[in-house]
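Heads up, the thing below is written out as structure tokens.
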Amino acid sequence: MATLRDECKVYYSTFNHEIMSLTLSNQELSSQDLIKLEDKHGAHNYHPLPVVLSKGEGVYVWDVEGKKYFDFLSAYSAVNQGHCHPKIVGALKDQAETLTLTSRAFYNDVLGIYEQYITEYFGFDKVLPMNTGAEGVETAIKICRKWGYEKKGVPENQGQIVVFDQNFHGRTTTIISFSSDMDARKNFGPFTHGFVKVAYNDLEALREVISQPNIVGVLVEPIQGEAGVNVPNDDFIPGVAALCKENNVLFIADEIQTGIARTGSLLSVCGNCNCSKSCERQDTYTKPDMLILGKAISGGVYPVSAVLADNEVMEVITPGTHGSTFGGNPLAAKVAMAALDVVNDEGLIQNARKLGEIFRERMTKFAETSDLVTLVRGKGLLNAVVINDHPSSSTAWDICVALKDNGLLAKPTHGNIIRFAPPLVMTEEQLHECCDIIEKTISEFA
Ligand SMILES: *Cc1c(COP(=O)(O)O)cnc(C)c1O
């Protein structure tokens, strides 16, 4: 029988020799070498822009050849606080040398402090800590159903959750069960039942289904990020909240991408209030029954997600009904507190709002002079530029490649839409420099 060592020998002898010798001699691999490695050994579940990053600081990232770029994706809004923020990385380092994981079989000396911190920060009674965004969404779906059976009195297994066309909530089998994206679904069935899909930004469509007795929740993105930064009318989210209340249905906000200052308020559901802490007392705030957070809650240094709810909802969770080995570990807890501190300390909410206005103003003016840009839309520093071409054309991709060559990284979303979402620590001067790059690149684009 072949030993593992033998198998490794065979494997290495067939391994691309050029790259192997480079790896072994510890020479630096070029971007092309590293792209080849990913292509050969990694599943092809992404189609990255051809740039290989090796360093990040604040609003900048550098590729392995040393070229510097403005990051206009921010890891899908996970690094709102900027790359490698010293306070967040410092919290990670300190805790990593002290205690990293106990599992929830035992208490640890950080979790309770974090739970108090985050519930006060966002104004909820309780939190359930998880790791990734998709896990947060799964958690919210489970809590919502259980609440429906135990509190609302819906017959078991009959609960329905309303979701919206073009939603993006993650990649698990249950979540893709209610996706509108063919690539995300095709050949991954059978799917999970219990979801009703209605048009986004259409309160009448929601009103038609929400009074059915088995509806237990409405799961909504306050702005649809992945769908291309679809910003609903101002009355949509408050309308969803009101319809939920009228019908004894849970209003579940997925703020994984829109939350943590990205859209110029702490949460997108906060509207335009100016406070940076829990803002229950503001008129524009429509408090969700469940709030799902991920991405920037850790400043992009470590996977952290959370579901927040008040006791009436969260108390349906009892020992054994839900959990995660890593959820609520002390490393995650310390990192998340540091990341949320930074949002307040550095005024990221106010900065995102101010810079977002400047960005949209400049891009709207530019659109008037450009045949390629039809529209700019967004809120705070979550914005998108719609390119004037067929969604299946490669124009948006080609523009992103040209932007990369000119020192700015952005990624098309849904064909002909380019999302622009820099870290929120950007200065006004840097933003103008970036707008110059974008305008020049698109103007010169043939
Ligand atoms: C990214 C995202 C998720 C999924 O988060 P993962 O950490 O990738 O699992 C869910 N909902 C929204 C709105 C997102 O943007």
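The shown structure was predicted, so the numbers you read here are calculated from the model rather than taken from an experiment. Numbering of ligands and ligand atoms starts at 1, following listing order. For reference, positions follow the sequence shown, starting with 1.
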Quick one: which of Asn108, Thr119, Val304 gives a side chain to side chain contact (heavy atoms under 4.5 Å, CB included) with Tyr114?
Val304
Non-hydrogen atoms closer than 4.0 Å to ligand 1: which protein residues do they belong to? List them by chain and number, please.
Thr132, Gly133, Ala134, Phe168, His169, Gly170, Glu221, Asp254, Ile256, Gln257, Lys295
Give a yes or no on whether the ring-centroid distance for Phe359 and Phe420 is below 6.0 angstrom.
yes
Scan side-chain atoms only and decide if Ser77 and Arg262 contain a donor-acceptor pair under the 3.5 Å cut-off.
yes
Out of curiosity, Ile175 CD1 to Phe168 CZ, how far, rounded to the nearest 0.5 Å?
8.0 Å
Phe236 ring center near Tyr200 ring center (under 6.0 Å):
yes
Taking Trp62 as the fixed residue, which of Lys67, His83, Lys68 is the one that meets the side chain to side chain contact (heavy atoms under 4.5 Å, CB included) rule?
Lys68
